[in-house]
Amino acid sequence: TRFGQVSVYKKIIKTKRLLDEFNKSTKGQELATLPIMKDATKIKAMRFMNMIIYDSYEFDKKLFAVTICEMVQWSIKFGVCSHSAVAFASYGVLLLTTFEDFGKGRDLATSALMLNERLSDIYNQSEVYLIAWTFLRPWTHLFSSCRKHLLSAYHVGLSVGDQGHATYNIHLYILMGWYAGEPLKKLEVDCRTRIQQMKELNHTRTMERALIAYQTILNLMGRSGKPGELKGDAINHEEVVHHYKIAQRKNMENLTRSMQLMLAYYFGNYHLASAMIEEINQSFDKYCLAAGANIRYALFEGLTAFAMIRHDKSSIDVYGSNKVKMPKTSVFSLKWRRIANKAVRKVAKWVQKGCPNAVHILHLLEAEQLAVVHGDTRGAKQKYDLAILTAATHGFRQDRAMANELAGEMLLAEGNVQRAGDYLKSAHDLYLEWDAYAKADQLYKKHPDLIPL
């Protein structure tokens, strides 16, 4: 591509200024109410730019950004058409990732949805909904409330022949169900059915994504010989990553590694989990713009970092008393402490900006920070309990289970066996409720005396 990073950034800034000037001159006129674009040639050009967006998102992020900016600028100067709704939503994604402007991202999602409704445009609805309800709205709405819109977009897309966006929507509907803590058994059936449909429709790119999620679900359910490794009937993590590396598909490479990271953490292989973080090497949010994926990655990045600090051979038992004076920290621990603190700050910023999907995650990471870094088990227990409460309130049964497990492990290391057993039993029951049979079995085998069946 001929676009450099600086020129792309300037393009985004120029478009932002144009939007600010429009808002100032019109005293906050809604973008969705702009005059309709009449020039047939410009409408064709907008259609062509819209076609570029789909492929450039994965293969050329700079072209993706420049194309979106051009479409927004045209819409303000020459009027809106059906493709403007896609442009407004997509530009909201750029503002979120570039400036973390949650407010403007929310407003642009609203404008895109309003314009799509104003034009009664069912042909682009699947694409508009995909962007709005995957990349923008999850920053301000619970995953569980976003799913129904993705399902609706799937049905609309199929009805008008937009199979590409339709299949992508149904994949994201399933994936967001996993993020939201929906029972895995139901997700497994749905995922298997949709993968077969994608295969029949020859939508390979979406099927590749679905297979990664499918294998992750199978592992958690105990349908893999080594549940902590992303390999089985659907995919082999190492082969898939090698393929994407050769194809220079960094987005898919990072997505696969992030799923391996989650499985490795769940099953206690913290060195494999840490290796995934080092391979991703701070490029996850650069190549993956979806809200859910970023929120979940931050959780496991932080948890893995705290686990690495905890297991550092140069560290002492931080659970020896309610508050202990920490020893001189090793270079190894300092490295992972930086990563952990960064994850906590990132999630705290999201919560401050009103992200409901990150509230319990912040409590959980802060609990780990108090327990592992500061040795404050009393404060940590309060934070674990807050994480359990908020996860339960918002329906995140898998994270509620994890918070119970971590609290139980901390109390057990402290010598409070009876209270630890209560937490670990709750964790075991919640993992079973989530249908994560392999994880529940692993926890039981680790503490058979504390988890009566």
Side-chain angles (χ1 to χ4, degrees), residues 12 16 19-20 23 28 30-32 85 88-114 128-150 172-173 175-182 284-286 288-303 340-369 382-400 402-403:
I12 295 172
K16 188 174 186 295
L19 276 172
D20 291 341
N23 288 327
E30 170 56 55
L31 287 170
F88 293 154
S90 300
Y91 188 68
V93 177
L94 289 182
L95 288 181
L96 267 171
T97 54
T98 307
F99 304 108
E100 294 191 337
D101 193 337
F102 280 50
K104 185 62 72 174
R106 180 191 61 239
D107 294 344
L108 285 165
T110 301
S111 296
L113 293 168
M114 286 178 63
V128 174
Y129 273 43
L130 187 152
I131 301 167
W133 292 103
T134 302
F135 297 89
L136 296 171
R137 286 296 172 89
W139 291 112
T140 53
H141 293 64
L142 285 171
F143 293 135
S144 54
S145 68
C146 296
R147 295 186 75 219
K148 61 183 179 182
H149 300 284
L150 295 173
L172 292 166
Y173 167 78
L175 194 61
M176 208 167 286
W178 183 52
Y179 297 156
E182 289 292 315
F284 189 82
D285 52 358
K286 176 182 176 183
C288 182
L289 309 181
N294 274 284
I295 292 167
R296 301 305 295 178
Y297 177 75
L299 167 63
F300 285 93
E301 179 186 35
L303 289 176
N341 290 340
K342 180 184 174 185
V344 174
R345 288 195 303 270
K346 183 163 55 177
V347 176
K349 188 183 297 183
W350 293 340
V351 171
Q352 186 180 21
K353 291 176 181 290
C355 179
N357 295 301
V359 177
H360 69 285
I361 291 175
L362 178 60
H363 293 318
L364 183 52
L365 291 179
E366 286 178 338
E368 286 284 273
Q369 189 174 50
Q382 292 175 350
K383 284 291 184 178
Y384 284 129
D385 287 341
L386 269 176
I388 291 165
L389 178 62
T390 50
T393 301
H394 293 153
F396 294 95
R397 58 168 62 83
Q398 80 282 35
D399 296 340
R400 186 178 162 201
M402 188 186 298

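Quick note: residue numbers are just sequence positions, from 1. These figures come from a predicted structure and were not determined experimentally.
- Closest heavy-atom contact between W178 and Q398: O-NE2, 3.3 Å.
- A pairwise comparison of heavy atoms in A112 and F88 identifies CB-CB, 4.3 Å as the closest pair.
- Side chain of N357 to main chain of P138: a donor-acceptor pair is present (N/O by atom type, distance under 3.5 Å, no hydrogens or angles).
- In this structure, L172 and R147 have side chains that are not in contact, with every pair of non-hydrogen atoms separated by 4.5 Å or more.
- The shortest distance between side-chain heavy atoms of T140 and C355 does not fall below 4.5 Å.
- With contacts defined as side-chain heavy-atom distances shorter than 4.5 Å, the pair I295/W139 qualifies.
- Atom CD of E30 sits in a crowded spot, with more than 12 heavy atoms from other residues, nucleotides or ligands closer than 6.0 Å.
- With hydrogens and angles disregarded, no donor-acceptor distance shorter than 3.5 Å links the side chain of Y173 to the backbone of H149.
- Judged by distance alone, the side chain of T134 and the main-chain N or O of L130 form a donor-acceptor pair under 3.5 Å.
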Pair L31-N23, side chain to side chain contact (heavy atoms under 4.5 Å, CB included): steps then yes or no: CA-CA 9 Å; L31 287 170; N23 288 327; 5.5 Å; no

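- Looking only at distances, no side-chain donor or acceptor of E100 sits under 3.5 Å from a matching main-chain atom of K349.
- Summarising the geometry of L136 relative to L96, their closest heavy-atom pair is CD2-CD1, 3.2 Å, with the distance given to 0.1 Å.
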Derivation of the side chain to side chain contact (heavy atoms under 4.5 Å, CB included) call for N341 and Q369: CA-CA 8 Å; N341 290 340; Q369 189 174 50; 2.9 Å; yes

Do F99 and K104 pass the side chain to side chain contact (heavy atoms under 4.5 Å, CB included) test, and can you show the C-alpha distance, the side-chain angles, and the key distance before you say yes or no? CA-CA 10 Å; F99 304 108; K104 185 62 72 174; over 6 Å; no

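- Taken to the nearest 0.5 Å, the CE atom of M176 stands 10.0 Å off from the OG atom of S144.
- Looking at L113 and Y129, their side chains come closer than 4.5 Å, going by heavy atoms from C-beta outward.
- Checked by atom type, the side-chain pair R106/S111 shows no donor-acceptor distance below 3.5 Å.
- Taking both residues in full, the closest heavy atoms of L94 and I12 are given as CD1-CG1, 4.4 Å, listed atom of the first, atom of the second, then distance.
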Distance-only check: which donor-acceptor pairs under 3.5 Å involve side-chain atoms of residues 385-394, not counting sequence neighbours?
from, atom 1, to, atom 2, distance (Å)
D385, OD1, Y423, OH, 2.6
D385, OD2, K381, NZ, 3.0
D385, OD2, Y423, OH, 3.4
T390, OG1, L386, O, 2.8
T390, OG1, A387, O, 3.3
T393, OG1, L389, O, 2.8

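- The closest side-chain heavy-atom distance from D399 to R296 is below 4.5 Å.
- Using a cut-off of 4.0 Å between Lys/Arg side-chain N and Asp/Glu carboxylate O, E301 and K346 are scored as salt-bridged.
- Between the SG atom of C146 and the CZ atom of R137 there is a distance of 8.0 Å, given to the nearest 0.5 Å.
- We find the CG-CG distance between N294 and L299 to be 12.5 Å, quoted to the nearest 0.5 Å.
- When side chains are defined from C-beta on, Y91 counts as touching K16, because their heavy atoms get closer than 4.5 Å.
- Below 30°, between 30° and 60°, or above 60°: for F143 and F396 the angle between ring planes is above 60°, a perpendicular geometry.
- Take K353 and apply the salt bridge (charged side-chain N to carboxylate O under 4.0 Å, His left out) test, not counting sequence neighbours, and it matches no residue.
- Judged by distance alone, the side chain of S145 and the main-chain N or O of L142 form a donor-acceptor pair under 3.5 Å.
- We find the NE2-CG distance between H360 and L365 to be 9.5 Å, quoted to the nearest 0.5 Å.
- Taking the salt bridge (charged side-chain N to carboxylate O under 4.0 Å, His left out) definition, one finds that R397 meets it with E433, sequence neighbours left out.
- Looking at heavy atoms from C-beta onward, K383 lies out of side-chain contact with L364 at the 4.5 angstrom threshold.
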